[in-house]
Amino acid sequence: MSRTAVVLFNLGGPDGPKAVRPFLKNLFSDRAIIGAPNPIRFLIAELVSRLRQKSAIANYAVMGGGSPLVAETEAQAEALTAALAEKLPGDDIKVFIAMRYWNPLSDETAAAVAAFEPEDIVLLPLYPQYSTTTTGSSLAAWDATYAGGGRRHVVCCYFNQEAFAEAHAAAIIQAWEAAGSPDQVRLLFSAHGLPESIAASGDPYRWQVEQTCAAVVQRLTRRFDWRICYQSRVGPMKWIGPSTVEEIERAATEGLGVIIDPIAFVSEHVETLVELDRDYADVAERVGAAPYIRVRTLGTAPGFVGGLADLVVAALKSPGVRPGAGSCSADLKRCALKTFCEAA
C-alpha cells in the first residue's frame with residue numbers, strides 16, 4: 001500500500017473583515033507579484049493594503065464578509081479523495097490544501113504533510129494555466145517550507161488537458177441552454193489579467209490561456225463567435241488585454257449579448273461572484289449587452305475532478321516536474337519545466 005499526500009494549491013482569501021488587510025499585505029509582499037526589493041516591496045504592500053482595504057471589505061461583504069475559496073477548495077479536496085479512492089484502491093491517500101496568502105498557509109500545510117509521513121507527494125495547482133505569479137509562487141513557497149520526506153511530483157499545469165477542456169465546454173453549453181439558447185451572443189473567455197511586463201518576460205500564462213480556449217472551442221457542440229479577454233486589473237501599470245469590460249462594450253455595439261466563461265478560475269470567489277456577477281453585469285446592462293450569461297466555475301464537476309485524479313495518477317509514475325497535458329512553446333523561458341527543473 002502506497003502512502004501518498006496530494007497538495008492542492010490555491011490563492012486563498014480572507015475569512016472575515018479583519019483578515020482583509022493582512023491578506024492584501026501578504027499578496028502584495030510576494031516577490032512574484034511586486035518585483036521590487038525590500039524594503040521598497042514591504043512599503044508598497046503596506047500602502048496598497050491600506051488603500052484597498054475599505055473597497056475590498058465592501059466586496060467581501062457581498063459574499064457574507066469573507067471569501068468562499070477555502071470552503072470551495074475543501075469541497076474539491078473531498079471530491080478528489082473519492083475519485084482517487086476509485087483509481088488507486090488500497091492506497092493510503094490524503095488530500096491537503098495550501099493557500100498562498102491566507103490560512104491554511106504553506107507552512108501549516110507543510111507541517112501537516114510531514115506528520116502524515118508520505119512516500120510520495122503530488123503538488124497539484126488549482127491554477128490550470130501556469131504563471132510565475134500563481135503556481136510558480138506557490139511552488140517556491142512550498143519548497144521553502146516543506147522539510148519532510150517523500151518523493152516530490154509536481155503537476156505544473158494542465159491548460160489543454162482533454163478532461164479540463166471538455167468540462168468547460170459542457171459548462172458553457174449548460175449555461176447557454178439554461179438561458180434559453182439565445183442566438184445573438186458572443187462567447188467571452190475571461191481570464192485573470194497579468195501585467196504586460198510579466199508576460200513579456202517569458203511567463204507562459206497568456207499563451208497557455210490561448211491554448212485552453214482553443215481546446216474548449218474544439219469541443220463545443222455549438223459554434224460561437226468568441227474572444228479572449230482579461231479581468232481584475234490592479235494598479236497603474238499596463239496589463240495584457242483586451243479587458244473584459246472592453247469586450248462587453250464591443251459586443252453591445254455589435255448588437256450582441258455575452259456568455260462569459262471564467263476560463264482561468266476553477267472556484268467561485270471574489271473575481272467571479274462580485275466582479276463578474278455584479279460589476280460586469282452592471283456594465284452589460286448599462287451598455288445594452290443582453291443577455292448577460294455567466295458560466296459557473298468547474299468546482300466539483302465530475303469531469304473536472306476526474307481529470308484532476310488522472311493528473312495525480314500520471315504524476316506518480318515519475319518524480320519531478322511535468323505538465324498535465326501539452327508542453328509550452330519553446331520561446332517561453334519562464335515555464336515551470338525550465339525554472340524548477342533547472343533549479344533542481
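Looking only at distances, no side-chain donor or acceptor of Q76 sits under 3.5 Å from a matching main-chain atom of V305. A donor-acceptor pair is defined here as one N or O able to donate and one able to accept, closer than 3.5 Å; no such pair exists between the side chain of N160 and the backbone of T212. Counting only distance, with no hydrogens or angles, the side chain of S137 and the backbone of T134 share no donor-acceptor pair below 3.5 Å. Proximity of a side-chain donor or acceptor of T109 to a complementary backbone N or O of S106 within less than 3.5 Å is not detected.
For the atom pair CD of E275 and CD of Q231, the computed distance is 4.5 Å after rounding to the nearest 0.5 Å. Note that the CD1 atom of I172 and the CD1 atom of I263 stand 6.0 Å from one another [nearest 0.5 Å]. Atom CG in D279 sits 9.5 Å away from atom OG in S232 (nearest 0.5 Å). To the nearest 0.5 angstrom, L11 atom CG is 8.5 Å from M99 atom CE.
With a 4.5 Å cut-off on side-chain heavy atoms, Y205 and Y130 do not count as touching. Annotation: side chain of F189 is not in contact with side chain of R227 (no heavy-atom distance under 4.5 Å). F23 is not listed as a side-chain neighbour of D15, based on a closest heavy-atom distance of 4.5 Å or more. Proximity of V113 to P118: side-chain heavy atoms (C-beta onward) are separated by under 4.5 Å at one or more points. Residues L124 and L80 have side chains in contact (heavy-atom distance under 4.5 Å, counting atoms from C-beta outward). Looking only at side-chain heavy atoms (C-beta outward), S201 and R334 come within less than 4.5 Å of each other.
In this model, a donor atom of one side chain and an acceptor atom of the other lie less than 3.5 Å apart for S131 and D203. At a cut-off of 3.5 Å, with distance as the only test, no side-chain donor of E177 or S181 sits close to an acceptor on the other residue.
Atom CD of E86 is surrounded by 12 or fewer heavy atoms from other residues, nucleotides or ligands within 6.0 Å. The environment of CD in E196 is crowded: more than 12 heavy-atom neighbours from other residues, nucleotides or ligands sit within 6.0 Å. Within a 6.0 Å sphere centred on CZ of F96, other residues, nucleotides and ligands contribute more than 12 heavy atoms.
A salt bridge links R50 with E46; the closest basic N to acidic carboxylate O contact falls under 4.0 Å. Ion pair D277/R296 flagged as a salt bridge, since at least one NZ, NE, NH1 or NH2 atom sits closer than 4.0 Å to an Asp/Glu carboxylate oxygen. Between R152 and D120 no salt bridge is recorded (no basic side-chain N to carboxylate O distance below 4.0 Å). A salt bridge links D225 with R186; the closest basic N to acidic carboxylate O contact falls under 4.0 Å. Using a cut-off of 4.0 Å between Lys/Arg side-chain N and Asp/Glu carboxylate O, D310 and K87 are scored as salt-bridged. Looking at R100 and D30, a side-chain N of the basic residue comes within less than 4.0 Å of a carboxylate O on the acidic one, giving a salt bridge.
When each of L69, T297, L298 is tested with F265 by the rule side-chain contact (heavy atoms from CB on, under 4.5 Å), just one qualifies, namely T297.
In the hydrophobic clustering of this structure, L308 does not group with I121; members are Ile, Leu, Val, Met, Phe, Trp, Tyr whose side-chain heavy atoms approach within less than 4.5 Å, directly or through other members. Y127 and W207 fall into different hydrophobic clusters, where Ile, Leu, Val, Met, Phe, Trp and Tyr side chains are chained together by heavy-atom contacts under 4.5 Å.
Taking the six-membered ring where the residue is Trp, F164 and H168 present perpendicular rings, their angle passing 60° and hence far from 30°.
Between W239 and Y230, the ring center distance fails the sub-6.0 Å criterion.
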request  = Would you sort out whether E249 and R286 count as a salt bridge (charged side-chain N to carboxylate O under 4.0 Å, His left out), showing the intermediate values?
outcome  = CA-CA 9 Å; E249 293 172 341; R286 173 175 55 82; 3.8 Å; yes
